[in-house]
Amino acid sequence: MILFVSDLHLQVDRPALTEAFLRFLDERARSARQLYLLGDLFEYWAGDDDLADAFHTRIAAALRALADGGVAIFWIAGNRDFLVGERFANAAGLTLLPETWVIEDHGRRIVLVHGDAQCTDDTKYMAFRAQVREPAWQQQFLAMPLAQRKAIIAGLRDNSRKDQGEKSYEIMDVTPQAIAAVFAQTNASVMIHGHTHRPALHAVAGTLRYVLPDWEPEATPPRGGWIAIDDEGAITRHALDGTILH
């Protein structure tokens, strides 16, 4: 079985979320062949030197235990944790992937992305994204003291929340043109992504696009879940309690 999750936004002050993720690793992912983390595992990542934080060490250790048990773990960066690097990857026992990745399963090409790069109508975000993905910007940012980086990130998060309140859902969603371009560039027939927090299955022009949910186990009703591909190639969407969604 292959499992896919994204948008957990793990953070120390949400213990129910952390426990839900650790249960998923222990009860679900342990029996998988592969686990793909498709972005925003963390609410934010200020740099791999923050791995010394006890909370981050705990998450890395849980992933490492899974990897040591024989599960291959792969990571595609999200818009919140794109600064994850080799130090974290080594500690967690996972493989870092580029932002667009294709796997082949049962004769299908399946393209994996986080999803933020396809929200092309959000021009303000796309400009910001281009800036912070530049190696020179990242090098300069990571040279700052960790406390300063965290303060900057806190300010960016506040601004992001304000901006989201002023933007329509349509602007913050992926665009059909960007999605079609990914399918065309990769020759894939299936796409799996997160980011939008709008879980669904979209069938368009012979393609299937699966959107992963964000995780909010504290909500009423609880939100969260994953996508699975079983050993016969069937793709299923699962709610947080494991129920298969249709």
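- Residues passing the side-chain contact (heavy atoms from CB on, under 4.5 Å) test with A219 are E216, R223, sequence neighbours excluded.
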Applying salt bridge (Lys or Arg N to Asp or Glu O under 4.0 Å), run through R14 and E43 and close with a yes or a no.
CA-CA 11 Å; R14 292 182 61 192; E43 172 66 5; 5.8 Å; no
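- The line from CG of L8 to CZ of R80 is 13.0 Å long, rounded to the nearest 0.5 Å.
- Remark: D116 engages R129, R133 in a salt bridge (charged side-chain N to carboxylate O under 4.0 Å, His left out) (not counting sequence neighbours).
- Taking each heavy atom of P222 and P217 in turn, the nearest pair found is CB-O, 3.7 Å.
- You'll find the ring centres of W215 and F24 inside the 6.0 Å limit.
- Side-chain contacts under 4.5 Å among hydrophobic residues (ILVMFWY), followed directly or transitively, place I229 together with I2, F4, Y36, L38, F74, I76, L97, W101, I103, I110, L112, V190, I192, L201, L208, Y210, L212, I227, I235.
- Looking at residues two or more places apart in sequence or on another chain, you find a ring-ring contact (aromatic ring centres under 6.0 Å, His included) between W137 and F141.
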Given ring pair (Phe, Tyr, Trp, His ring centres under 6.0 Å), test F88 with W75 step by step and report yes or no.
CA-CA 11 Å; F88 176 82; W75 172 287; 5.7 Å; yes
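- The main-chain N or O of F42 is found under 3.5 Å from a side-chain atom of D81 such that the two form a donor-acceptor pair.
- In this structure, D13 has no salt bridge (charged side-chain N to carboxylate O under 4.0 Å, His left out) partners at least two apart in sequence or on a different chain.
- Legend: residues meeting salt bridge (charged side-chain N to carboxylate O under 4.0 Å, His left out) with D50, ordered by chain and number and at least two apart, are K150.
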Assess whether salt bridge (Lys or Arg N to Asp or Glu O under 4.0 Å) is satisfied between R23 and D26, documenting all intermediate values.
CA-CA 5 Å; R23 281 196 306 273; D26 188 55; over 6 Å; no
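- In this view, H9 and H197 satisfy the ring-ring contact (aromatic ring centres under 6.0 Å, His included) rule, not counting sequence neighbours.
- With sequence neighbours excluded, no residue satisfies side-chain contact (heavy atoms from CB on, under 4.5 Å) with T57.
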Enumerate, atom names and distances included, each donor-acceptor pair closer than 3.5 Å involving a side-chain atom of residues 177-187, sequence neighbours excluded.
from : atom 1 : to   : atom 2 : distance (Å)
T186 : OG1    : V182 : O      : 2.7
T186 : OG1    : A188 : N      : 3.4

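- Although no hydrogens or angles enter the test, the distance criterion places a donor-acceptor pair under 3.5 Å between the side chain of Q138 and the main chain of V132.
- Note that OG1 of T196 and CG of D214 are 9.0 Å apart. Values are rounded to the nearest 0.5 Å.
- Applying the salt bridge (charged side-chain N to carboxylate O under 4.0 Å, His left out) criterion to D49, with sequence neighbours excluded, gives R149.
- Remark: L142 CG to L83 CG distance equals 5.5 Å, nearest 0.5 Å.
- In this structure, V211 shares a hydrophobic cluster with no other residue, the cluster being traced through Ile, Leu, Val, Met, Phe, Trp and Tyr side chains under 4.5 angstrom apart.
- Side-chain contact annotation: H195 with D40, donor-acceptor N/O pair under 3.5 Å absent.
- Checked against ring-ring contact (aromatic ring centres under 6.0 Å, His included), H193 has no partners two or more places apart in sequence or in another chain.
- Looking at T175 and T120, their side chains do bring a donor and an acceptor atom within 3.5 Å of each other.
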Test side chain to side chain contact (heavy atoms under 4.5 Å, CB included) on T207 and R209 and set out the steps.
CA-CA 7 Å; T207 64; R209 178 168 63 91; 5.8 Å; no
